[in-house]
Amino acid sequence: MIPFLDLKTINAQYRDELAQACARVIDSGWYVQGTEVKEFEQEFAAYCGTKHCIGVANGLDALILTLRAWKELGKLKEGDEVIVPANTYIASILAITENRLVPVLVEPNMATYNICPINVEAAVTEKTRAILPVHLYGQMADMPAILDVAKRHNLLVLEDSAQAHGASINGIKAGNWGHASGFSFYPGKNLGALGDAGAVTTNDDELASTLRALSNYGSHKKYENLYQGVNSRLDEIQAAMLRVKLRYLDIETQHRREIATTYTMGIGNLSIMLPIRQDSVIQDLAHHAFHLYVIRTKEREALQKYLADEGIQTLIHYPVAPHKQCAYKLLNEKSFPITESLQHEVLSLPISGSQSIENTQSVIDALNRWCR
């Protein structure tokens with residue numbers, strides 16, 4: 001069996017360092033809002049190139065709390081519209097509706113599967129106050145074009161960087177383009193904790209201060225509460241784990257790029273559409289973090305079954321678009337043809353920072369043998 005993602009093997013590479021970091025926390029006697037969190041926040045902010053990193057409990061909270069902070073600061077109010085990709089994981093939209101804001105879904109660019117700036121521009125109304133671009137699969141959305149739209153219409157930009165740790169455009173990393181960015185450190189992410197964890201990055205001092213209070217019961221000082229906040233804090237153990245793994249993130253990302261190159265140059269089955277063209281793979285590698293390597297085919301179910309029979313595990317990201325979920329019945333009748341075609345055609349191949357080139361070649365060989 002070639003697993004889709006072997007977390008045990010990934011973390012085994014750093015087992016001794018992870019164990020030492022865990023012991024360091026245990027021996028410190030300080031388990032919430034201690035040294036490990038402060039150090040990780042500084043290190044991850046430096047990695048992204050931002051002034052601030054605020055650790056929170058998970059990636060969804062990172063998005064929810066940023067929008068909430070903007071409401072507290074008077075930059076958003078209930079009923080305001082937030083433009084968001086139709087082709088995304090539901091968390092991007094949950095963050096909007098949790099704040100009683102209105103999600104305005106727009107179609108992706110078919111070449112990248114990311115939000116299309118032209119469609120963003122067309123969706124702007126007098127009620128639009130923010131854009132929430134998602135860097136899907138590890139490839140950044142067209143942030144220069146999106147920021148141009150945002151600047152002309154005076155809109156806030158909140159990056160969803162949950163899948164894009166280390167991705168960049170023109171040398172500027174994900175998390176350092178918008179007014180703020182939400183990150184997830186779920187175990188399966190490129191930079192994954194050993195449990196749930198998340199963070200917000202920003203260069204805005206006032207936003208950072210508000211987020212720190214909101215995520216800590218609305219308080220900067222114990223028993224003095226400025227806001228009706230929540231408890232959403234990155235804990236010391238997970239921060240310690242992330243500090244270890246952050247040191248190896250660029251190495252793992254480079255290995256992911258090598259796997260992606262091998263897939264792209266090796267898959268010759270014309271029934272399969274690749275996420276990047278063979279003639280542009282080197283250019284695309286310059287900024288793609290390859291959280292996922294997503295192919296497309298009209299015969300997805302047949303291909304997935306064939307690969308499973310060959311001992312190759314695959315997943316679908318995502319089989320049901322947010323506007324087709326029961327959670328959003330009011331959106332069910334809306335039509336987003338590109339997004340809906342993708343939900344029936346995409347298939348994610350195994351890729352990770354520890355996957356061998358031999359296993360990658362086995363996947364390629366199986367794909368090239370497949371007949372529709």
Side-chain angles (χ1 to χ4, degrees), residues 59-60 63 81-97 101-124 128 130-143 145-146 149 157-164 167 169 174 177-178 181-182 184 186 188-189 272-277 284 287-298 300-301 304 314-349 351:
L60 176 56
L63 298 176
E81 294 178 350
V82 179
I83 297 174
V84 64
N87 183 46
T88 186
Y89 182 56
I90 197 170
S92 309
I93 298 168
L94 288 171
I96 297 170
T97 56
L101 302 168
V102 179
V104 177
L105 279 59
V106 301
E107 289 274 53
N109 180 321
M110 197 57 165
T112 65
Y113 311 151
N114 273 325
I115 194 169
C116 175
I118 295 173
N119 294 340
V120 171
E121 178 97 57
V124 174
T128 306
I131 308 171
L132 201 162
V134 181
H135 305 318
L136 201 63
Y137 306 152
Q139 183 174 22
M140 289 188 62
D142 186 349
M143 292 307 297
I146 289 169
V149 174
V157 177
L158 171 57
E159 298 172 71
D160 184 339
S161 300
Q163 300 183 5
I169 297 176
W177 282 88
S181 177
S184 167
Y186 183 76
K189 303 299 185 185
I272 296 169
M273 290 167 277
L274 304 180
I276 51 178
R277 302 188 314 276
D284 287 345
H287 63 268
H288 204 315
F290 285 104
H291 173 60
L292 299 171
Y293 190 94
V294 180
I295 61 173
R296 286 171 51 216
T297 175
K298 300 289 187 181
R300 191 204 31 220
E301 283 68 28
Q304 187 171 40
T314 59
L315 293 178
I316 300 170
H317 298 90
Y318 300 97
V320 183
H323 71 283
K324 294 297 184 182
Q325 298 282 359
C326 290
Y328 289 107
K329 288 186 174 67
L330 293 178
L331 298 176
N332 287 175
E333 299 305 314
K334 289 186 176 292
S335 175
F336 298 99
I338 296 176
T339 297
E340 289 158 25
S341 69
L342 290 174
Q343 79 179 57
H344 295 298
E345 296 177 3
V346 293
L347 187 66
S348 301
L349 301 181
I351 188 168

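Quick note: numbers below take in every heavy atom, side chains included, and nothing from hydrogens, waters or symmetry partners.
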Output the distance between atom CG (Leu158) and atom CD1 (Ile131), rounded to the nearest 0.5 Å.
11.0 Å
So OG of Ser181 and CG of Leu132: to nearest 0.5 Å the spacing works out to 9.0 Å
Hey, is the main chain of Gln325 close enough, under 3.5 Å, to the side chain of Asn332 for a donor-acceptor pair?
yes
In this structure, are over 12 heavy atoms from other groups packed under 6.0 Å from Tyr89 atom OH?
no
Just to verify, which of Ile115, Leu342, Asn114 counts as forming a side-chain contact (heavy atoms from CB on, under 4.5 Å) with Pro108?
Leu342
Step-by-step side-chain contact (heavy atoms from CB on, under 4.5 Å) determination, Met143 to His135:
CA-CA 10 Å; Met143 292 307 297; His135 305 318; 3.6 Å; yes
Polar side-chain atom of Glu345 near backbone of Arg296 as donor-acceptor pair, under 3.5 Å:
no
Can His344 and Lys298 be said to form a side-chain contact (heavy atoms from CB on, under 4.5 Å), step by step?
CA-CA 8 Å; His344 295 298; Lys298 300 289 187 181; over 6 Å; no
One pair to check against side-chain contact (heavy atoms from CB on, under 4.5 Å): Leu105 and Lys334. What are the steps and the verdict?
CA-CA 10 Å; Leu105 279 59; Lys334 289 186 176 292; over 6 Å; no
Checking Asn87 against Leu136 for the side-chain contact (heavy atoms from CB on, under 4.5 Å) test, could you report, in this order, the C-alpha distance in whole Å, the side-chain angles of both residues, the deciding distance, and whether it holds?
CA-CA 9 Å; Asn87 183 46; Leu136 201 63; 3.3 Å; yes
Which one of Tyr186, Phe290, Tyr137 satisfies the side-chain contact (heavy atoms from CB on, under 4.5 Å) criterion with Gln163?
Tyr137
Starting at CD1 of Ile351, measure out to CG of Leu292 and round the result to the nearest 0.5 Å.
8.0 Å
Which pairs with one or both residues in residues 321-340 pass ring-ring contact (aromatic ring centres under 6.0 Å, His included), sequence neighbours excluded?
His323-Phe336
Point-to-point distance, once rounded to the nearest 0.5 Å, from OG1 of Thr297 to CD of Gln304
11.5 Å
